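Reviewing the structure listed below.
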Protein chains: 2
Amino acid sequence: MGFCRALSPNPGRWELLSAVFHRTDDFYGEVEIMAKKTAGLAGADKIGPLPRYRQVKEYILSRIESGELRTEMKIESENRLVELLGVSRMTVNRAIRELSGEGKLNRIQGVGTFVASQKPQSALLEVRSIASEINERGGVYSCDIRLLEEEKVKPSLALSMGIQPYSAIYHSIIVHMDNGVAIQLADRFVNPAIAPDYLLQDLSKISPNEYLLSLAPISEVEHVVEAVIPDSWIRKLLHINEAEPCLVLHRKTWVGCEVATESSFYYPGSRYTIGGRFTPSNRGSIQVT
Amino acid sequence: MGFCRALSPNPGRWELLSAVFHRTDDFYGEVEIMAKKTAGLAGADKIGPLPRYRQVKEYILSRIESGELRTEMKIESENRLVELLGVSRMTVNRAIRELSGEGKLNRIQGVGTFVASQKPQSALLEVRSIASEINERGGVYSCDIRLLEEEKVKPSLALSMGIQPYSAIYHSIIVHMDNGVAIQLADRFVNPAIAPDYLLQDLSKISPNEYLLSLAPISEVEHVVEAVIPDSWIRKLLHINEAEPCLVLHRKTWVGCEVATESSFYYPGSRYTIGGRFTPSNRGSIQVT
DNA sequence: CACTATTTCCTGTATATACAACAGATCCGA
DNA sequence: TCGGATCTGTTGTATATACAGGAAATAGTG
């Protein structure tokens, strides 16, 4: 009963299979889309294949990322995708509707669906590794780990993170550099309950962000920005003088209902800006979906 | 044919009506939900009532805003709302799914749907009026219009806004104050094609944001933040000395494919932070929905 | 040729139905 | 009383179907 979960004969590749059965009045026409190959993926605790609409989303995203679908190109119509993928139009519709809500596609009624133009970097709206950001810009990434230890958490921070005062917390201070120039100082407090092995990582190989993201998906993020003249020890590490302002990005992340990390990122004002582009949703004072 | 568009007998109020007809094989059971009263609303060029799933969203949002539904409260189940509102479950499902994607509701499979806790201010992710922000905090808003005129647009800005160099552009500089203390300096360039009457507005009565939002919905926003020591004329207007850093928020907005405004907002570093909270969507390096 | 009406293709919305997955309550027997 | 099976209510996904409405191509007409 239920779904027929065929396994791909071609496990190394992403593939959609369809197998439509005839239907009677109380039996569905059954269709199976192959699940994405999950071996080696983080978050593999999720059992079973992704739901079909998610598979359709992944299918389209992968075609965009592979370069097969370029910016501004028209993609197949919903009905064409129904034929190609062997799913119903409502399923395709949900996938494409969500993707266009996420800014990946644009739709025009009566005309078609188009690949949206690439949006610029949006460090304000994302959580991504500074290393990959530098690499994508063609820079040379390096880092300097100035601190990595267990501490007793101070009461104010404990309150904010929802843990016991003076219990253990992990603290790291890392200076990230592009071509040897300090670009960011990352001052992180990590909840041991979420990342018990944080101190054991080789953070020069895998960045804290990559490591933390690999443990569990972040369920919520809060970003607050501020302009300050930082303390002298920060000025020294970033090689800036006392007249140069700093942009500080405070980030707090949650995994489920627990606070996972609370960090501050200091950017030398003269060397960095942070941005993001988004589409406001449409009620009252306009907000991100 | 098609929908029966009943008018509300109670036009001053938001109301859901249901009128279910019997169905035959090729005729729908018809249901009508009253459209939101549109008289006096901006964007009234949209003809016809909102689609039903949007009406359901508005219905729930209005109940949250009115205080009837408080934070953490469980709301009606989908099937209950189907009965109450006279729409199908898929329609209710879409409405609630989108609301939970927007962070207004939380859903737990097998348990129910709950009103999400109020998220803090998110000036990073929204476009809202500084006046209403100050009023909500209980402050006393006032402003000082330092400039409001038509100028010839410089080539670099013209390029960025996609208009002819040295053509006309509107330029305003306004200092916003809370209890007489300067909180923000707004330096705005407005595309005359979008807001031809910008210069005629009484911007001390209606804030530029409110006015611009009333003209047309913003289709896209870009925010970039930066820390600077501002020019002396800005320091003077904000009453800060030359050692105090400033947070600058650069905002660019689009209406359709045209750039509508390009603005810079200066916040005294010691008096303001800007923040936003969001839920990352779940692909690759995590981004806003 | 120019202009209009029709057709066709596309997305947008709405519904009814069916089943899956999950959580909590309830029942029941050892 | 305990522990498991069963039931019930809830959300999550998938499908078939139908119609509305926009845009562009096409046919038809003067």
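Bear in mind the structure is a predicted one, so any value in this text is a computation, not a measurement. Chain letters run A, B, ... following the sequence lines, proteins first, then strands; residues in each count from 1.
Rounding to whole angstrom units, CG of residue A/L50 and P of D/dT13 are separated by 10 Å. Counting to the nearest Å, the P atom of C/dG12 and the CD atom of B/E98 are 12 Å from each other. A/L81 has its CG atom 16 Å from the P atom of C/dC9, to the nearest Å. At whole-Å resolution of the value, CE in B/M90 and C1' in C/dC19 are 13 Å apart. Across the protein-nucleic acid pair, A/Y53 atom OH and D/dT15 atom P stand 13 Å apart, rounded to whole Å. Residue A/R52 contributes atom CZ, which lies 9 Å from atom C1' of D/dT15 at whole-angstrom precision. Spacing between atom CZ of B/R54 and atom P of D/dA20 amounts to 22 Å, rounded to whole angstrom units. Atom CD in B/Q55 sits roughly 18 Å away from atom P in C/dG12 (whole-Å rounding).
In terms of phosphate contacts, B/T91 brings no side-chain nitrogen or oxygen within less than 4.0 Å of OP1 or OP2 of C/dT13. Checking the phosphate oxygens (OP1, OP2) of D/dG12, no side-chain nitrogen or oxygen of A/R94 falls inside 4.0 Å.
When the side-chain hydrogen bond (donor to acceptor under 3.5 Å, both in side chains) test is applied to B/E68, the partners found at least two apart in sequence or on another chain are B/R63. Remark: B/F114 pairs with no residue by the ring pair (Phe, Tyr, Trp, His ring centres under 6.0 Å) rule, at least two apart or across chains. Shown here are the salt bridge (Lys or Arg N to Asp or Glu O under 4.0 Å) partners of A/E98, two or more places apart in sequence or in another chain: A/K57, A/R94, B/R97. For A/E78, the salt bridge (Lys or Arg N to Asp or Glu O under 4.0 Å) partners two or more places apart in sequence, or in a different chain, are A/R89, A/R107. Applying the ring pair (Phe, Tyr, Trp, His ring centres under 6.0 Å) test to B/F189 and every residue at least two apart in sequence or in another chain returns B/H171.
Here the closest non-hydrogen pair linking A/G256 and A/S219 is N-OG, 3.0 Å.
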Atom pairs, protein N/O to nucleotides 9-11 of chain D N/O, distance under 3.5 Å:
residue	atom	partner	partner atom	Å
D/dG9	N2	B/G110	O	3.2
D/dT10	O2	B/G110	N	3.4
D/dT11	OP1	B/T113	OG1	3.0
D/dT11	OP2	B/E78	N	2.9
D/dT11	O2	B/Q109	NE2	3.3

